[in-house]
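This report refers to the structure that appears directly beneath it.
Letters A, B, ... mirror the listed sequences (proteins, then strands); counts begin at 1.
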Amino acid sequence: MGLLDGQFVPALDGVAYGLLLFVVAAGLSLAFGTAGVLNLAHGTLYAAGAYTGAELSDGTWGGLLLGLLVGTAVACAAGVLLSVATAPLAHRGHLAQALLTFGLSLIGGTLLIEFFGADQVPVRVPEALDSSVTLLGHRYPAYRLCFIVMAVALAAIGTWVLTRTRAGAAIRASADDSEMLAATGVNPRLVHTGVLAAAGALAGAAGVLGAPIIGPGPGTAETVLMLSLVVVVLGGLRNLWAIAGAAIVVGQVQTLGVSLVPGWAPYLLFGAMAVVLVVRSRRATATGTAGSQVGARTGAADPIGWLREQLRLFVAPFAAPLAQLGRRVGSNTAAVPGAVRRGLPPAVLVVALAALPWIVDAYALSLVGYALALGLLAVSVTVVTGYAGLPTLGQTAPFAVGAYTTAVIADAGWTVGPVQIVVAAFAAGLFCLVTGPAVIRARGTTVLMITLAVGELTVVAIDQLKSITGGTDGLVGFPGPQLLPGSAELIEEMEVYHYALVVAVIAVAVTMLMLRSPAGRLLIGVHGAEERMRASGHPVDRYLLLAYVGAGALAGVGGSLMAHVRQYISPADVGFEIAAFALLAAVIGGTVSVLGALFGAALIVLTRDWVAASWPGYGPLLLGVLFVLTVYLLPRGLAGLRGTPRERAGGGTGGDADGVAGNGTGPGGGTDDGDGTDDGAGGADGLNSKAEAVR
Amino acid sequence: MSPSTRPLLSLDRLTRAYGSLTAVNNVSLELPAGARHALIGPNGAGKTTLLNLVAGTDRPTAGRISWDGEDLTRTAPARRSRLGIGRSFQHPIGIGELSALENVVLACWRHHPERRAAWRRAERLRRLRATALEQLDAVGLADVAHRPAGALSHGQRRMLDLAAALAGRPRLLLLDEPAAGLTDRDIERLLEVLGRLPEDVAFVLIEHHIDVVAQLVDTVSVLVEGTMLRSGPTREVLSHPDVRTAYLGTTADDVDPGGPETNTGGERVADEGRR
């Protein structure tokens with residue numbers, strides 16, 4: 001009884017917290033369940049509401065009401081903006097939309113800081129509520145009680161609208177079958193906009209009312225987003241009561257849990273999320289969702305398509321002569337082995353990178369070194385996302401394992417570089433072997449969420465295991481690598497850089513060889529037609545697990561490099577943001593191109609640390625713009641700009657089928673059969689865009 | 001035909017329920033090696049579900065599947081394929097970005113005697129490709145072997161799917177509406193390919209074209225609403241009065257208890273036949 005009594009206040013706090021999360025998560029689930037938008041900017045909408053509320057509330061009821069109106073309106077307008085922004089991506093799958101909304105959230109976050117400052121903003125509640133009442137012998141803030149009442153009212157209204165009105169019926173119908181709804185005369189576009197506006201309004205209202213509970217500050221958006229993602233995952237998408245239940249549970253974990261078992265609460269949260277996702281994905285059949293990432297392209301009338309076309313035309317004049325030159329060189333030097341011919345551009349790149357220390361300053365050099373480490377992470381994401389077909393936000397976990405393993409064993413005296421690399425790769429691979437079974441059964445967006453949970457749990461674990469990882473302070477001062485036992489420690493910037501370059505080149509080369517070998521074909525097959533592969537006797541799960549473990553080992557190597565290049569690691573280096581960057585880098589590269597992913601990573605580091613250095617504080621803004629531009633203008637990444645697009649699985653509408661001969665075969669290949677240029681042996685590795693992209 | 005007396009495939013009171021809907025209800029069936037069998041029945045009768053149960057993509061809620069005397073009920077689809085059960089799909093899926101040839105190479109990969117370490121030895125890979133090319137030739141796709149599967153026509157994709165199923169040299173072939181949407185020429189090709197199968201290879205065919213059924217199979221099972229209505233030699237079953245009323249819907253006057261529903265089934269078949 002004493003325990004119960006002592007925990008009364010946190011338990012009631014948990015209810016308030018939970019109801020707040022419920023209102024936010026209901027909007028998130030509405031947007032995802034009916035409009036199909038995985039809205040990673042949802043937390044930003046809440047933050048916008050919270051800032052507005054804090055700004056306008058002056059301790060009077062009028063102030064609160066005004067804040068509520070304005071905050072809700074602002075977030076609602078932002079919701080409409082989101083619907084306009086995501087509408088052209090409707091056919092491109094959830095990944096593109098998630099990246100776009102993440103980019104918009106980075107931009108929105110910068111704008112909020114610009115307007116309201118970078119500090120925590122104090123919130124004033126109406127004076128009548130700024131007191132505490134006595135409840136069962138405990139003093140409790142009146143505002144929180146009042147909030148509980150308001151949140152319940154909001155939930156009741158929402159439920160009523162959804163279940164009892166025509167608009168609600170249209171929304172529910174849209175979730176089931178939007179084409180059918182369109183056939184009954186309701187414009188699905190209107191429903192899309194309406195749903196996102198309503199979701200935005202909910203987040204905004206929750207922000208204004210909840211500001212005294214989760215206050216406006218720089219970290220607000222991410223906290224709220226993460227917690228409401230957990231709620232949606234636990235509660236599912238369709239049932240409001242289940243979401244409410246999940247929200248209360250999460251609220252209790254965050255308050256009662258922290259009060260009872262501090263340190264375990266975060267594990268509980270993301271652990272529960274991972275368990276639910278895994279159980280659910282096991283129950284659902286895996287059919288149908290694979291390969292749904294790529295759909296029909298948007299109509300010719302859309303402005304983005306036009307822009308994209310302009311970009312292509314802009315690049316074409318430069319690309320065409322180059323391609324022609326390449327082809328001429330190729331045909332003239334038939335005597336030169338194909339491997340040499342194809343290997344030339346990467347070789348030039350490597351030589352240029354090796355010469356870099358004599359060209360740029362030390363700061364730039366360290367950035368390039370960091371880009372190499374991040375590049376390996378991005379390549380690892382490419383393998384998992386593009387080849388195995390599992391879109392991941394969690395490759396930062398093996399990356400972290402590799403980084404921390406390196407730092408810890410270096411401190412313990414294992415300073416030989418190659419040994420560290422092997423140990424880091426092994427540890428990261430082992431980590432993936434353990435987490436893999438939970439990841440490889442799921443498909444599509446579920447994978448994004450499971451891997452997100454894996455990544456977050458890893459960060460939580462790093463935070464908690466202070467004695468090993470240094471917690472949030474990170475690790476610093478571990479010795480640099482030695483090339484051989486007994487040789488000198490690499491301390492100079494240039495030495496470390498060259499060490500990183502050599503390791504990265506070897507890792508990338510091994511990866512490319514693996515992907516281009518028939519083993520890579522097996523992965524492409526699984527991604528392209530999983531059921532067919534199973535029906536042909538392929539142990540698909542084993543392939544996916546191997547790919548996941550291999551990619552994890554690669555990420556581990558990247559982590560090891562990062563530890564040495566930065567000579568400092570902290571949880572922020574392996575967090576959600578880095579995971580999103582790595583995914584973006586992979587997407588910039590076209591998700592199936594190893595070199596493209598490296599370029600993507602370089603572009604991101606360049607944007608965040610190099611360009612932004614001359615424009616301090618605007619790094620996130622620039623990155624956000626990069627996200628948005630990538631999603632709109634590079635649907636197939638940089639690889640798509642080379643003018644050899646080919647509609648992927650199921651499309652069949654064929655852009656200009658590049659044809660192996662490259663001599664302008666008609667769309668979709670007419671009746672010609674001029675593709676005999678690859679003879680028997682060479683044919684083994686020509687033939688498809690992925691193989692091209694790997695180069 | 002087969003020296004062994006036990007059946008190749010034996011389904012023992014298989015049931016598959018989805019919540020309150022029982023898609024397959026207490027179905028038993030035995031097929032000897034080399035059997036040529038068709039599953040017919042109106043839409044929604046549970047034919048594809050039954051096929052999926054045999055292929056392993058779906059699990060029965062009750063009942064047993066035996067293969068060559070071995071219990072197969074809980075075996076994964078990939079393992080069943082390696083044991084000799086091949087299948088085609090109702091909606092054929094190919095690996096769009098790989099060539100037709102590579103699709104078939106991947107399909108025979110796990111079955112070919114050379115499969116061990118095929119990816120390390122160019123020589124072995126080449127032999128795998130030769131086998132695949134033969135298979136493509138057999139279904140008439142040799143001309144388009146190097147074209148990406150995503151660029152093939154519907155009929156070609158169906159044939160590619162068939163080639164992939166055959167590439168595993170199965171002892172039992174499950175074919176889900178292989179003739180749907182095919183042109184007359186393609187159907188002829190299909191009949192020819194299936195007619196040329198070795199004698200000890202069995203197949204189970206789901207098909208709405210009654211003439212295709214009559215031409216290819218020796219025995220037929222009729223499924224209605226998940227239950228086995230009748231099973232036996234083709235001619236006998238098709239001419240049985242129960243089957244005629246329940247499935248073929250002989251005349252409109254022939255009103256029976258399940259009237260409206262079974263009639264729509266019958267019309268559906270007539271539609272399919274006309275196409």
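- In terms of heavy-atom pairs under 4.5 Å with chain B, the best-connected choice from A:Ala529, A:Gly537, A:Gly525 is A:Gly537.
- When the candidates B:Gly168, B:Ala164, B:Ala130 are compared by the number of heavy-atom contacts under 4.5 Å with chain A, B:Ala164 comes out ahead.
- Within 6.0 Å of atom CZ in B:Arg185, 12 or fewer heavy atoms from other residues, nucleotides or ligands are found, so the atom counts as exposed in its surroundings.
- The CG atom of B:Leu160 sits 8.5 Å away from the CZ atom of A:Arg532 when rounded to the nearest 0.5 Å.
- Counting heavy atoms of neighbouring residues, nucleotides and ligands inside a 6.0 Å radius, atom CZ of B:Arg79 does not exceed 12 of them.
- In this structure, A:His538 contributes its side chain and B:Arg110 its backbone to no donor-acceptor pair below 3.5 Å.
- Interatomic distance, B:Asn103 CG to A:Arg521 CZ, rounded to the nearest 0.5 Å: 11.0 Å.
- B:Ser81 places none of its side-chain heavy atoms less than 4.5 Å from the side chain of A:Met533.
- Rounded to the nearest 0.5 Å, atoms CG (B:Leu106) and CG (A:Leu522) are 5.5 Å apart.
- At a 4.5 Å heavy-atom cutoff, B:Ala149 makes no contact with chain A through either its backbone or its side chain.
- Here the straight-line distance linking atom OG of A:Ser536 with atom CZ of B:Arg87 works out to 10.5 Å at 0.5 Å rounding.
- Heavy-atom pairs under 4.5 Å with chain A peak, among B:Gly56, B:Ala165, B:Ser88, at B:Ala165.
- For a residue to count as touching a neighbouring chain, one of its non-hydrogen atoms must lie under 4.5 Å from one of that chain's; by this rule B:Ala55 does not touch chain A.
- The distance from the CZ atom of B:Arg80 to the CZ atom of A:Arg534 is 12.5 Å, given to the nearest 0.5 Å.
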